[in-house]
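Starting from 1, each residue takes its place in the sequence as its number.
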Amino acid sequence: MADRLTSLDSWYSEGWKGLNVAVLGLGATGFSVADTLVELGSAVTVYAPDGPADTIELLDVIGATFVRTPLDSVPAALETQAADVVVVSPGLPPHNPSVQWSVANSTVWGDIELAWRVRDKVVRGPVAAPWLTVTGTNGKTTTTQLTTAMFESAGLRAVACGNIGVPVLDVVRDPDGFDVLVVELSSHQLHYMPTTGDGAVVPLASACLNIADDHLEWHGSAEAYRAAKAKVYERTVLACVYNTADEVTRHMVEQADVVEGCRAVGFTPGVPAPGDVGIVEDVLCDRAFTEDRRSSALELSTMADLEAAGLASPHMTMNVLAAAALARAASVQPSAIRDAVRGFRADHHRTERVAAADGVTWVDDSKATNPHAATASLASFETVVWIVGGQFKGVDIDALVARFGPGARAVVVIGTDRAPVLEAFARHAPGVPVLEVEATDTDQVMPEAVRHAASVARPGDTVLLAPAAASFDQFDSYADRGRRFAAAVHEHLGGSADGDHGSPEQP
């Protein structure tokens, strides 16, 4: 069997036919795995505790078997199946019993490894489309979208995929193909990615934007989380892009096993050293991919461009610089980067201005699902009424409250587990008013939070939804949380705020 699996390095490998595969999990990724493998001719059984009814029905239509079963213990059917390969959905942690059994008794892949093996189904050029890979604790999605926009501005057919919401396997099977894939990778996906062998991704360029503790309950430790993130740089061909202000990312690059000739390219909000990208006065500059990088630089964009596009906050500026470095590594011209920045608009729920009335601005940064992301958001505003709380995923909020709590006008605490926030404010900012949202009904949480915030906000303040936590204790997603916040703000303000105050846009 080992020889057969080794031969599976192309969509057109014969060994896919009749391969006995188990798939653990039935989200969008799990279904894309099953759909791909059935198309390849493999025998596929999907194990999951549940799934959307139409998706389960579709499994039967395409010819896959569905076994409805909990995965917190090893299903008997999985044991008797004796699968050649088990493909694990990224939501399942390594300590899950079914995952542990699979590692001990079979060969385990993630969806990214499978996608890399079959990436040549549709080839538009002489070889399969190159991948650029992006990870980091925060900013992944915006950077992935920006990089994709820069390639599109250069006239290439590019796609943002992976953890951004579009499974890579759906992309590699697109009948029209792509010139380049910009792949956002979560720490979960990276954990299951090999760094050697035919299933190991060989990115043209790669980036880890930043590192702060996150998903510790999934990985088991901060060390394991960082080790997973570091995999993004392995086997990179042209450029490992890193944050010069984050020593952890620099160390990751130094330790990575890359293709000979691959360069380390830093991005910085200051004046770039030769070999890096950064900012000189108000101009974004490239001193990495120019012939005379010691004495000159190429202009990529300006801070005025970023301001017009809503990208001028410190963390968004860093995302632009990282994306520009990735695009320049693949020879995208500076003019295309400038045009992409000018035409770009960030997704909803990322420091998105919802409304302004009576001197108070309301901002939705529901995407700030961990303290590191909330740090970037809180640092962007002078005085805030801070709406915070949710699922903290094993991460300590104490340092965040110590830094920003004392300067807050007030804090509005949401979430089912409010104790960590209340205790941190009692320690570090005892004089700051703390208002608790007692409502547990999802429909009532944000209206109550908005009423509390409005009662204490003063002219010049920003009411900032930056929860520093995941949303799943009370909401379907961070987007659901943000939409409900915006709807509550519009309902509270009625016609008194500027702009359109009907239903908030959908993400």
Side-chain angles (χ1 to χ4, degrees), residues 134-147 149-150 205-212 229 239-254 263-290 293-294 296-329 332 334 337-338 340-342 344-346 350-351 363 365 367-368 370-382 399-400 403-404 464 466:
V134 181
T135 196
T137 302
N138 297 298
K140 298 184 294 295
T141 296
T142 301
T143 302
T144 299
Q145 292 171 328
L146 277 162
T147 307
M150 292 170 186
S206 57
C208 184
L209 306 174
N210 44 60
I211 287 290
K229 288 292 191 185
C240 293
V241 176
Y242 70 97
N243 185 341
T244 62
D246 191 321
E247 287 298 319
V248 176
T249 65
R250 180 194 297 273
H251 181 69
M252 288 177 176
V253 173
E254 292 171 346
R263 296 169 52 193
V265 177
F267 60 94
T268 173
V271 176
D276 294 343
V277 297
I279 301 175
V280 177
E281 296 180 349
D282 289 330
V283 176
L284 280 66
C285 294
D286 168 15
R287 294 189 71 188
F289 303 100
T290 178
R293 58 179 180 265
R294 295 199 172 276
S296 65
L298 295 173
E299 179 176 329
L300 302 175
S301 189
T302 66
M303 290 304 298
D305 292 333
L306 270 62
E307 185 73 39
L311 298 169
S313 65
H315 60 292
M316 283 294 193
T317 300
M318 293 291 273
N319 294 339
V320 174
L321 290 166
L326 289 166
R328 288 292 293 144
V332 172
I337 291 173
R338 178 201 63 214
V341 169
R342 288 177 176 175
F344 188 82
R345 294 297 180 271
R350 291 169 173 81
T351 54
V363 174
D365 195 17
K367 185 63 170 65
N370 56 58
H372 189 269
T375 295
S377 186
L378 288 160
S380 300
F381 302 100
E382 292 266 335
L400 182 69
R403 178 174 174 184
F404 292 103
L464 175 65

Drop me the distance from [X]'s [atom1] to [Y]'s [atom2], to the nearest 0.5 angstrom.
| X | Y | atom1 | atom2 | value |
| --- | --- | --- | --- | --- |
| M318 | T244 | CE | OG1 | 6.0 Å |
| R328 | T147 | CZ | OG1 | 13.5 Å |
| L311 | S313 | CG | OG | 7.5 Å |
| I279 | T317 | CD1 | OG1 | 5.5 Å |

**Sole candidate of L298, D276, I337, L321 that passes side chain to side chain contact (heavy atoms under 4.5 Å, CB included) when paired with D286** = L298
**Request:** Report yes or no: does T137 contribute a side-chain atom to a donor-acceptor pair with the main-chain N or O of A212 at less than 3.5 Å?
**Result:** yes
**Message:** For the backbone of L284 and the side chain of S301, can you confirm whether one donor and one acceptor N or O come within less than 3.5 Å of each other?
**Reply:** no
[Y] and [X], any side-chain heavy atoms less than 4.5 Å apart:
| X | Y | value |
| --- | --- | --- |
| M303 | L306 | yes |
| K367 | D365 | yes |
| Y242 | D246 | no |
| T302 | D282 | no |

Nearest heavy-atom pair of [X] and [Y]: which atoms, and what distance?
| X | Y | value |
| --- | --- | --- |
| V320 | M150 | O-CE, 4.1 Å |
| A322 | L209 | CB-CD2, 3.5 Å |
| C285 | A297 | CB-CB, 3.9 Å |
| L146 | A323 | CB-CB, 3.6 Å |
| E299 | P334 | O-CB, 3.4 Å |
| V134 | K140 | CG1-O, 4.0 Å |

Report, one line per pair, each donor and acceptor closer than 3.5 Å where one atom sits in a side chain of residues 263-274; sequence neighbours left out.
unit_1, atom_1, unit_2, atom_2, d
R263, NH1, A288, O, 3.1
R263, NH2, A288, O, 2.6
T268, OG1, G270, N, 3.1

**Asked** Heavy-atom count around E254 CD within 6.0 Å, excluding the residue itself: above 12?
**Response** yes
**Asked** If you measure only the distance, is there a donor-acceptor pair under 3.5 Å linking the side chains of N210 and N138?
**Response** no
**Item:** Residue pair M252, C240: steps toward the side chain to side chain contact (heavy atoms under 4.5 Å, CB included) verdict
**Value:** CA-CA 10 Å; M252 288 177 176; C240 293; over 6 Å; no
